[in-house]
Every structure is written in C-alpha cells, then in structure tokens.
2 protein chains.
Amino acid sequence: MPYSSNLAVQIFLDRLGSRTKLGSEEMDVIRSLPGQKITAGGDRDLVRPGDSVDHACLIVDGVVGRFGQMRDGRRQITAFYVAGHMANLQSVVFPSTGASLQALSPVTIIRMPHKALKAAAAKYPALADAFWRECAVDACVLAQWIVNLGRKSAVARMAHLLAELGLRMEEAGLGTSHRYRLELTQVHLGDALGLTSVHVNRVFRQLREAKVVTVSKRVIEICDWNALISIGEFDRDYLHIDTKCWDLPSHRREENHASSGISMQM
Amino acid sequence: MPYSSNLAVQIFLDRLGSRTKLGSEEMDVIRSLPGQKITAGGDRDLVRPGDSVDHACLIVDGVVGRFGQMRDGRRQITAFYVAGHMANLQSVVFPSTGASLQALSPVTIIRMPHKALKAAAAKYPALADAFWRECAVDACVLAQWIVNLGRKSAVARMAHLLAELGLRMEEAGLGTSHRYRLELTQVHLGDALGLTSVHVNRVFRQLREAKVVTVSKRVIEICDWNALISIGEFDRDYLHIDTKCWDLPSHRREENHASSGISMQM
DNA sequence: CGGAATGTTGATCGCGATCAACCGAGGTGG
DNA sequence: CCACCTCGGTTGATCGCGATCAACATTCCG
C-alpha cells in the first residue's frame, strides 16, 4: 500500500493504541488489514441513506461528513471525519445503519471489508475492545454535539466546533490546533451547526472582530485560544484523546450515593 | 432476584436477542448476571459528570436521563432510558465517559459490575457483538437527535420525541405506542428538546388543538399517529427495533459507485 | 473569458426566549 | 380542618437571535 495509506492506518492505529493496550501482534494485524483505495470528488455520496454496506471507510485524505436528511432536502451533518478516522466502524456490527456518508471535499479513503475487521476482533479480544471503545468515543462526540445544538448560541457553537476541529486536525497531523486548513464551505459549516450559511458568515465576522479567529482561503487561524474555548464552553475531555483505558484505579462511589438519598438492597 | 428485576433483565435480553443471534447458554449468562438493586428519588444524580464508574445501570423502573451541562447550570438531556435499557453500557469499555446520568422520576435500577459484563463478553463473542451493537444503536439515536435539534421546529421535535417514546414504552411493556404514561415534567421535556418549559406547554397546546395528541395527568394519548409521524418526520428505522444482524444478504454497490464518479485503485 | 460556486452585506420577518402573573394540586404543619 | 407553601402547568406581553430574501462581490475553474 502506498505511503499516504500507511500513514492513515498509522494514525488510526495510534488512536486505538492511545486508549487500548495493544500488543505488537495486534498492531501488525491492523497494519496488514486489506483494503481498497478509493478517491471521490467533493459532495459525492459514499454511503447513501438506507444502504447496507460490507466495508468500513478509513479516511486517508479530505473530509467526510455523516448526514441526516429532511424531507425538504435540508441536511444536518452529525459528524466530521478526517485522516485516520474510521468513518463508519459501527457498520461492522450494523451494516444497515441509517447513517449516510458524503465526501465534503475531494477525498481518498480505504474501504476495509467487515469480514477482515470482524476476523481481527474475533481473534484478538483487545481489538474487539478497541473497536467498541472507538464507537463509544464517537457517541461521546455526538452527545456533546446535542448539547451544543440544544443550548448554545451560534457563536458558541462555532467556537466549539473550531476548537474541536483544531484538536482533530492536529491529531491527524494536518496542522496545529491553532492553525489548520479546513476544506469546507460555509454551507457545510452551517449544515453542521444548524445554521444558514449567511449566519455562519456573520458569526465568522463576529469572531474576527473580537480578534479570536481569522479565516482566509480556508485556513483557520485561532488568535486567542482561551477566548475560543471560553466562548464555546469547550472542554477537551469529551474527545477522549489519550484517555487510557487500562490500569485505571477504580473509583468507588458507594459512600457518596449512600449519603445522597439512594437506597440499596441485594 | 425479585420479579420486577427479572422482567427488566428479560426486556434487555429481548433487545439484545432481537438483533443478535444468541444461544441459550449466552442467554443464561445474561439472566444470571450479578447486580445490586437500587432505588432513587426523582432528580437524583446516578452518575455525576466526571465520575469514573465500575458498573453499568440497567433500568428496572422509572425514567433516567443522560445529561450534558452548561456553565450557567442549564442542561441538555441527550438520551432517555426506560425499563430494559442499559443506560451506560459504553462505560464498560469507557469508565470515565463524560456522560452524567440522573433519575428523572423515582427509579429502580440494577447496578451490574463491569467485571461481570466484561467476563461475559470475553467468554462469549456473540455477547461482545451484542453489547457493541447495543452501543451502536444508541449512537444512531443520538445522531437522529442531532438532526432534530439542528433542523426541526419545536412542534416537529416534540412530535418526533413523542413517537419515539411511544415505541420505546411499548417495547418496555409500559403501554402502547399510542397511549402511555410518561413520568416527566414539561421542564424535562424542554431540557431534551432544547426549549423552555413555557414553549413546551405551547407546543402541547398546538398539538392538542390539531387533535393529534392529548395529555392529562402525565398520560400521553396519541389520537392521530399518522399526523404525528408526518409532523415529526419520524421514521422508526433508526431505532433498529427488530433489525436482525445475522443472515443478511450483503448488498454490494461497487457498480453504483463506479457509475457515480468514484474511482478505485488497488 | 465567462459562468458557476462561494462569500459578503443589508433589510425585514418570525419563532421561540424571556419576564411576569396566575392557577391548581399536593403536602405540611399549626 | 384549614392556612400556607411549593411545584408544575397555563397564559399573556415583549424581545432578540437567527432565518429569509435580495443584491452584489469574489474566487475558482473550464
């Protein structure tokens, strides 16, 4: 497999390994997973709503969005995926997941057969754990998105998104959290933030005038990170970057519960 | 374990078994999982933000909410759990998940140690599959919630929620999808819908005047189900009730992709 | 060079927030 | 038993954020 693909696999492996203790044998299994490399132009469907798939998509380059769609054609992006992310790992256990995927910029992806991923998970329990855990992190991000959409103003949502994307781009080796190139239009951002593209534009203006963020030619530059995370009420914990899931001390809280009006019986 | 607990475990088992092929041995393992029964009053924290837990919560009775919280104290409910749901199954692989859980009505739950669930998953791959799949369904619901919050009007959101809760209550054996008792206040509903309780009230009025739904003393009665799902753009597929995940024909779509501008290479 | 996609700005509108008052049911204590 | 209080629900008046409509600028690309 060519260099860029190896890199994407390595980032994916790093993500898995940062949370789950993997042996060198297990890492080799991931590295030698079979896959078919595919390129697609922007705004091209990768998985259509209702499709049943037999492969998961590892992003090598570009941005992929997970969509929900309304009758009238309006869309809501529910997740962004960049290099090193497995966009629909959950499809391994759920081929008919309603989610649809679309390339938001020209993308390169590797389609990895469920069969191979399942076999890997079956043979190595640590990998099964890692995959499950990866899906759990995805769910955490979705839950945070719900909080943003339900309770935050337009600027706060934007600030939160820019901070999140910064950390993810950095993780993917595509810049730093303070400065990265984002191959998305304002329409795309609006679809993610639940806003119109017009308002996205006005929010950018606000952030620019507050000297928090500057944007030019798709390059996001965050001038005042502290202001950004304050505006967006951003707390990076939910991304679980480098949250180790082994050798954790188990925090028992029975005493607390007992003292807070919860009664127990066997 | 007393009858009500057995019932909840059975509903949980049905949920697992409806999607994953389980042998009788595996079912017995689930049925004999250890657990500590707990009751708690309404508006009582079960898992506080930042807590690290060593058990998952199976709901026996009442309604539990998963929360996100803002600095100023405003909250967003990201998920509802009723009888037969494992509220934080993902905590088995992710003890420090940022999610917090709260009893929204007086509840009874069973706390099942991660240790036992992990052991079951390790010994029976079908159970590992089933657990992972359960989390994937949860994520589907979260994604749908994002679409609702991002793109739908207040009435549409409410209609969608009432339809979803109807199906879930029916699944839990707590009424029918058209008529069920919902132990939530309008404040709770507002926290879930991203609305104020005042507006929740007005939305109920709208739905009542349109002769779609009537509410009295916490009992929801849906007079016109078709109108409800039309208003809410509700499509039950995303709940994956009875979506079998075995013996599925694999739908290959290479031809489609090739004809839609996606190029492949090995 | 010409046309389409994307970004920018202004004017106006409407949904849902906010503030405020009041009602009714339960629960509690005198 | 009733006075009082609290919590949840109901309704009205007003406000403001972000949608919508419209026009134009700019960039990208064939």
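Fair warning: this is a prediction, and the values are worked out from it, not measured in the lab. Letters A, B, ... mirror the listed sequences (proteins, then strands); counts begin at 1.
Looking at heavy atoms from C-beta onward, A:R168 lies in side-chain contact with A:L239 at the 4.5 angstrom threshold.
Here A:G194 lies in heavy-atom contact (under 4.0 Å) with sugar-phosphate atoms only. At the heavy-atom level, B:G190 lies nowhere under 4.0 Å from the strands shown. Residue B:R74 is out of contact with every strand shown, counting any heavy-atom pair closer than 4.0 Å. Within 4.0 Å of B:S153, counting heavy atoms only, lie sugar-phosphate atoms of the nucleic acid but no base atom. Contacts of A:T185 with the nucleic acid, taken as non-hydrogen atoms under 4.0 Å apart, involve only primed sugar atoms and P, OP1 or OP2.
Following rounding to the nearest Å, A:L149 (CG) and C:dG16 (P) show an atom-to-atom distance of 15 Å. Atom NZ of B:K152 and atom P of C:dC15 are 18 Å apart (whole Å). Between B:L184 atom CG and D:dG9 atom C1' the separation is 15 Å, expressed in whole Å. Distance, B:L189 CG to C:dG16 P: 16 Å, rounded to whole Å. When the P atom of C:dG16 is taken as reference, atom CZ of B:F204 falls 15 Å away, rounded to whole Å. Rounding to whole angstrom units, CG of residue A:D191 and C1' of C:dT6 are separated by 14 Å. Note: CE (A:M158) to P (D:dC17) measures 17 Å, nearest angstrom.
No side-chain donor from either of A:H199 and A:T196 sits under 3.5 Å from a side-chain acceptor of the other. Side-chain N/O atoms of B:Q102 and B:R66 include no donor and acceptor closer than 3.5 Å. Residues B:E164 and B:Y238 bring a donor and an acceptor atom of their side chains to less than 3.5 Å of each other. Side chains of B:R74 and B:Q69: a donor-acceptor N/O pair is absent below 3.5 angstrom, by distance only.
In this structure, B:K217 reaches the C:dG26 phosphate: one of its side-chain N or O atoms is under 4.0 Å from OP1 or OP2. Checking the phosphate oxygens (OP1, OP2) of C:dT8, a side-chain nitrogen or oxygen of A:N201 falls inside 4.0 Å. At least one side-chain nitrogen or oxygen of A:R205 sits closer than 4.0 Å to the OP1 or OP2 atom of C:dT9. OP1 or OP2 of C:dG16 has not a single side-chain nitrogen or oxygen of B:T196 nearer than 4.0 Å. Under 4.0 angstrom from either OP1 or OP2 of C:dG7 there lies at least one side-chain N or O belonging to A:R218. Residue A:Q186 places none of its side-chain N or O atoms closer than 4.0 Å to OP1 or OP2 of C:dA5.
DNA chain D is contacted by both B:D43 and A:H199; B:D43 maps to the nucleotide lying nearer its 5′ end (nearest heavy atom per residue). A residue-by-residue look at A:R151 and A:V198 shows that A:V198 has its nearest nucleotide of DNA chain C further toward the 5' end.
A salt bridge is absent between B:K211 and B:E209; no separation between the charged side-chain nitrogens and carboxylate oxygens falls under 4.0 Å.
No donor-acceptor contact under 3.5 Å links the side chain of A:R202 to the base of C:dG7.
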